[in-house]
Structures are given as structure tokens and as C-alpha cells.
2 protein chains.
Amino acid sequence: MVTMRPATADSQSVQDFLKAVYTLQQKMERVSTNALAEMLSISAPSVTDMAHRMMLAELVNYEKYHGVRLTETGEREALRVIRRHRLIELYLVTDLGYALHEVHDEAEQLEHAVSDRFIAALAEKLDHPTLDPHGDVIPAIDGTFHYRELCKLTELPLGIKAKVACLTSNDPDILRHLMDKGFTLGSQIEIIARDPFDGPLTILIDGKSAVVGCTAATYISVEQDKGACK
Amino acid sequence: MVTMRPATADSQSVQDFLKAVYTLQQKMERVSTNALAEMLSISAPSVTDMAHRMMLAELVNYEKYHGVRLTETGEREALRVIRRHRLIELYLVTDLGYALHEVHDEAEQLEHAVSDRFIAALAEKLDHPTLDPHGDVIPAIDGTFHYRELCKLTELPLGIKAKVACLTSNDPDILRHLMDKGFTLGSQIEIIARDPFDGPLTILIDGKSAVVGCTAATYISVEQDKGACK
DNA sequence: GTAGTAGTTTAGGCTATTCTAAAAATAATG
DNA sequence: CATTATTTTTAGAATAGCCTAAACTACTAC
Ligand SMILES: [Mn+2]
Ligand SMILES: [Mn+2]
Ligand SMILES: [Mn+2]
Ligand SMILES: [Mn+2]
């Protein structure tokens with residue numbers, strides 16, 4: 001650490017780090033080493049080390065004891081990796097017959113191995129899509145990000161009609177559970193009853209009645225039908 | 001090197017090493033460290049080191065100063081990687097619009113990143129093909145290898161009709177040159193004239209006349225029409 | 001404002017993969 | 001069969017990513 005060389009943006013570790021910072025940055029001003037360690041499943045000292053090297057590479061702005069934030073370059077790189085990840089996920093579902101719960105882990109590897117040429121071919125073949133199979137927005141090549149006004153299913157008021165917009169989990173088990181319950185992107189949804197004390201929700205999915213635990217519901221975001229929310 | 005840990009078959013380096021040994025083994029009884037260093041573009045000492053570790057992993061049989069040979073496990077692993085590589089190449093051409101000269105480098109990376117699930121999906125989608133876009137045989141899942149009796153274009157007798165069966169190069173420039181000349185897998189071919197002193201060949205490709213340098217011709221293998229060869 | 005706790009960083013290490021320079025062994029040559 | 005020349009191996013080193021244990025900061029609660 002006397003001499004420390006800057007990180008290069010083309011390694012798997014660095015790319016995953018960039019994604020992690022980007023994601024956590026949405027929720028917090030500066031991203032702590034512990035938060036990153038947790039998300040990346042590596043030790044905190046490893047994060048500190050990486051933070052140093054990525055600072056030298058001008059990918060993050062890092063202040064000792066005060067976490068990390070992406071620089072402009074860092075954010076551009078992060079979005080590039082996220083774009084790859086999500087395009088690959090979508091491709092796996094639409095062209096290779098993957099189930100929703102199978103795509104994340106595969107994309108987590110492929111995003112680092114694939115060339116720009118490959119990504120361009122996918123984007124072309126999928127007709128430049130804007131949403132991945134989880135309902136997450138795919139950043140455009142220029143980093144543009146088509147925003148959406150969503151709310152969590154847990155916060156949807158009773159009796160208001162909405163559509164399932166996003167299944168926000170990378171855990172295959174959770175996703176499979178949600179699929180089993182009948183949650184699919186775009187399905188019509190409405191909360192019929194809400195049990196107290198974090199109890200289950202009784203809902204209508206495309207007319208069919210179902211019950212979901214409130215923890216599972218956490219992973220579902222919805223878009224309210226034609227302007228009622230807020 | 002006092003303590004040396006065995007290599008694990010799931011690293012990129014090890015997988016590429018296995019492929020290299022497999023390929024060179026076809027031509028020579030035992031594969032020298034120098035030959036491997038050359039093919040893998042790494043130094044000879046690096047090869048020696050890897051040979052040691054792969055011996056511990058029982059992937060190769062290595063004798064000091066006498067090169068390396070794949071064990072049964074090693075050969076199985078090598079064929080697995082080659083299968084991946086070739087299925088990916090074929091997929092890139094048939095489904096993603098890649099040109100022949102673009103596929104090798106992409107596959108060289110993807111072969112290590114992709115899951116068994118992914119390869120199964122490709123094989124399914126391509127209807128369990130046996131030849132990659134260069135004309136190389138794709139090993140079956142069980143390691144089975146459908147052999148073919150080919151001869152080099154340079155050795156094809158004058159006036160004998162044959163079909164282009166394999167374009168044996170990974171160099172994009174060479175492949176592009178061959179494509180430009182009109183060589184495509186399956187095209188009908190016949191040598192009209194052969195210049196002496198390693199001079200160019202005058203040939204007929206699907207009826208059209210062309211001239212190829214003899215070095216370029218080296219990369220072309222043909223299959224003679226209905227039993228005339230040998 | 002000081003003590004304690006929770007979060008971060010430093011110190012020191014380890015592995016896989018690579019390298020160069022030097023030594024050793026094999027192969028080729030007369 | 002000696003002497004070169006060519007290969008190959010050993011020695012020693014570097015780097016990226018990781019880790020654990022110990023030291024240090026910063027925030028929180030009296
Ligand atoms: Mn990843
Ligand atoms: Mn996704
Ligand atoms: Mn490879
Ligand atoms: Mn090929």
C-alpha cells in the first residue's frame with residue numbers, strides 16, 4: 001500500500017463494485033464500506049482497498065471513514081455494466097427460454113465476458129428494449145434513463161387498481177415464490193384486505209384471488225392505473 | 001513451489017491450457033512447454049508452473065523435460081470446453097448475425113463464463129449441431145466425436161472435385177481473406193492449376209475461377225466428392 | 001464531554017497467474 | 001563422444017483480489 005496501482009475498469013471485481021456503489025447510492029448519499037462489503041459478499045478491508053484503487057482510477061470519490069461516491073466516469077461505467085446485465089437477462093428469457101429466476105446469476109457472469117459487439121447484437125435483436133424481465137429500466141447506450149413512478153405493493157392503498165411493474169429481487173427462491181403466486185409483469189392487481197401486524201395481504205391478480213406474506217410483497221412494485229397515486 | 005496447490009479446472013487459464021494441450025496433442029505425442037507457451041502467448045516458465053499444478057489436479061501427465069499429455073479427466077474437460085466454444089461460435093453466426101471472422105475471440109471469453117444451462121439451451125436451439133461455423137466438429141455432451149476424412153486443399157490432386165469442409169484459422173484477417181476469395185463451407189471446389197515453388201493455386205469455386213496463395217490455401221480443408229481420395 | 005460501541009482502516013498474509021534472468025538438461029553437430 | 005545450441009526448469013519477483021486480527025475513528029448516550 002506504499003505503492004498502490006489504480007484499478008482498471010475492465011475487471012470483474014471493479015465492474016461489480018461499480019454496480020454495487022451505483023445501486024446503494026440511490027438510497028444513501030455516501031456509500032459505506034460495510035454496505036458494499038455486505039452487498040458484494042467480501043470483507044470490509046477488501047472494500048477499503050478497492051476504494052483506494054478505484055479512487056486512483058478516478059472511478060469513485062472516496063473519503064476515509066466517510067464512504068464512497070461514483071465520479072462521472074464511474075457512473076457512466078456503472079450504467080454500462082447495468083445495461084449489459086439487463087439486456088442479457090432479457091435475452092435469456094425471450095430467446096433462450098430461461099425462467100425469470102434463472103437469469104440473474106447467469107447475467108452476473110456474462111456481463112463481464114461479453115463484447116460491445118455482442119451487446120449491440122442483443123439490443124438490435126430485442127428491438128432496443130427499455131425494461132428487463134424483472135421490470136427494471138435498461139439504461140440506453142448514452143446513459144439515458146427512462147424514469148418510472150412506481151410504488152411498493154405494500155404501500156398501495158386498498159381498493160386501488162394497479163399493474164405489477166417490477167419484481168425487485170435477485171434471489172431465485174423469492175422470485176419463484178412470487179411467480180407461483182401469479183405475479184407477472186403487467187398483471188392487473190388490487191388489494192382487497194390487509195392484515196394488521198405485518199400480516200398477509202389479500203389481493204386480486206388478474207381477477208384471481210391470492211394471499212401474499214408482507215415480506216414477499218416487499219419485492220413487488222406496482223404502477224397505479226391512470227393517475228391516482230399521489 | 002515448496003508447497004504447490006493443485007489447479008482447479010474452473011479457471012480461465014486452466015481451461016485454455018486444456019484446450020491448447022488437446023489441440024497440440026493431435027500433432028505430437030507429448031506436448032512441449034514451448035509449444036504451449038507459444039500457443040497460449042505466455043512465457044515458458046509460466047507453462048512449467050501450470051503443468052505442475054495441473055499434474056497435481058490429475059488433469060495432465062507431466063514429465064520434467066518431456067512435456068505433457070492429458071489424462072482421461074483432462075481430455076474430458078478439454079472436450080467440454082471445446083464443445084462450449086464451438087456451440088457458442090455457431091450460435092453467434094446463426095442467431096446473432098456475426099461474421100465468421102468475429103466469432104473466435106468472442107467465444108474465447110464466453111466459453112468460460114457461460115453455465116451448463118446456457119450451453120444446453122444453445123444446443124437445443126441449434127438442434128444439436130455437429131459442426132461449428134469453421135467446419136470443426138462439435139464434441140457431443142458425452143465426449144463423442146464424429147470423425148471426418150478431410151485433406152488439405154494444398155494436397156488435393158488436380159482436377160479432382162471436392163467441397164470446402166473446414167476453414168482452420170482463428171486469425172480474423174486470414175478468415176476474411178478466405179471469405180473474400182469466395183471460400184464458404186460446402187462450396188464445390190476443384191484445382192485447375194498449381195504454380196511451382198509454392199506458387200498460387202488456380203481453382204474453381206462453385207464454377208467461378210479464383211487464385212489463392214499457397215499459404216492461404218493451407219488453412220482450407222476439403223472433403224473429396226464421393227470416395228476418390230485414398 | 002467522556003465512555004462505550006459500532007464502523008473503518010491498517011498491518012500482515014495468502015493464492016493464482018504472470019514475468020525475467022540464470023541454471024540445468026536435452027538434443028544436435030561434427 | 002565432446003561441444004554447442006536449444007529447450008526447459010528453477011529462482012525470485014510482481015500484481016490483483018481476497019482474508020483475519022488488531023488498531024483506530026466517529027458517533028451515541030449518558
Ligand atoms: Mn457480475
Ligand atoms: Mn434484472
Ligand atoms: Mn478461452
Ligand atoms: Mn471454430
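Naming convention: chains lettered A, B, ... in sequence-line order (proteins, then strands); numbering from 1 in each chain. All values below come from the heavy atoms of this structure, side chains included, with hydrogens, waters and symmetry mates left out.
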For atom [atom1] of [X] and atom [atom2] of [N], their distance in whole Å:
X: B/H52; N: C/dT15; atom1: NE2; atom2: P; value: 18 Å
X: B/H66; N: D/dT8; atom1: NE2; atom2: P; value: 10 Å
X: B/M4; N: C/dC14; atom1: CE; atom2: P; value: 16 Å
X: B/E63; N: C/dT26; atom1: CD; atom2: P; value: 11 Å
X: A/L36; N: D/dC18; atom1: CG; atom2: C1'; value: 16 Å
X: A/Q15; N: D/dG17; atom1: CD; atom2: P; value: 10 Å
X: B/N34; N: C/dA27; atom1: CG; atom2: C1'; value: 13 Å
X: B/M54; N: C/dT18; atom1: CE; atom2: P; value: 12 Å

Using a heavy-atom cut-off of 4.0 Å across all strands, would you classify A/T8 as base, sugar-phosphate, or nothing? nothing

Distance alone, cut at 3.5 Å: any donor-acceptor contact between the side chains of [X] and [Y]?
X: B/T144; Y: B/D142; value: yes
X: B/D10; Y: B/T8; value: yes
X: B/S115; Y: A/E106; value: yes

Quick one: is [X] getting a side-chain N or O under 4.0 Å of the [N] phosphate, OP1 or OP2?
X: B/S43; N: C/dC19; value: yes
X: B/T48; N: D/dT10; value: no
X: A/S46; N: D/dC19; value: yes
X: A/R53; N: D/dG17; value: yes
X: B/S13; N: C/dT18; value: yes
X: A/K64; N: C/dT10; value: yes
X: B/T33; N: D/dT7; value: no

A/D136/A/R148 salt bridge by N-O under 4.0 Å criterion: no

Is the ring pair B/Y62/B/H52 parallel, tilted or perpendicular, if the boundaries are 30 and 60 degrees? perpendicular

For B/L153 and B/I191, the nearest pair of non-hydrogen atoms, with its separation, is O-CD1, 3.4 Å

Which residue, A/A7 or B/Y62, contacts DNA chain D at a nucleotide closer to its 5' end, judged by nearest heavy atom? B/Y62

Between A/Y65 and A/M50, who's closer to the 5' end of DNA chain D by nearest nucleotide? A/M50

Between [options], which one does the side chain of [X] approach most closely?
X: A/I42; options: C/dT9, D/dC18, D/dA26; answer: D/dC18
X: B/P45; options: D/dG17, C/dA21, C/dT9; answer: C/dA21
X: B/S32; options: D/dT20, D/dT8, C/dT17; answer: D/dT8

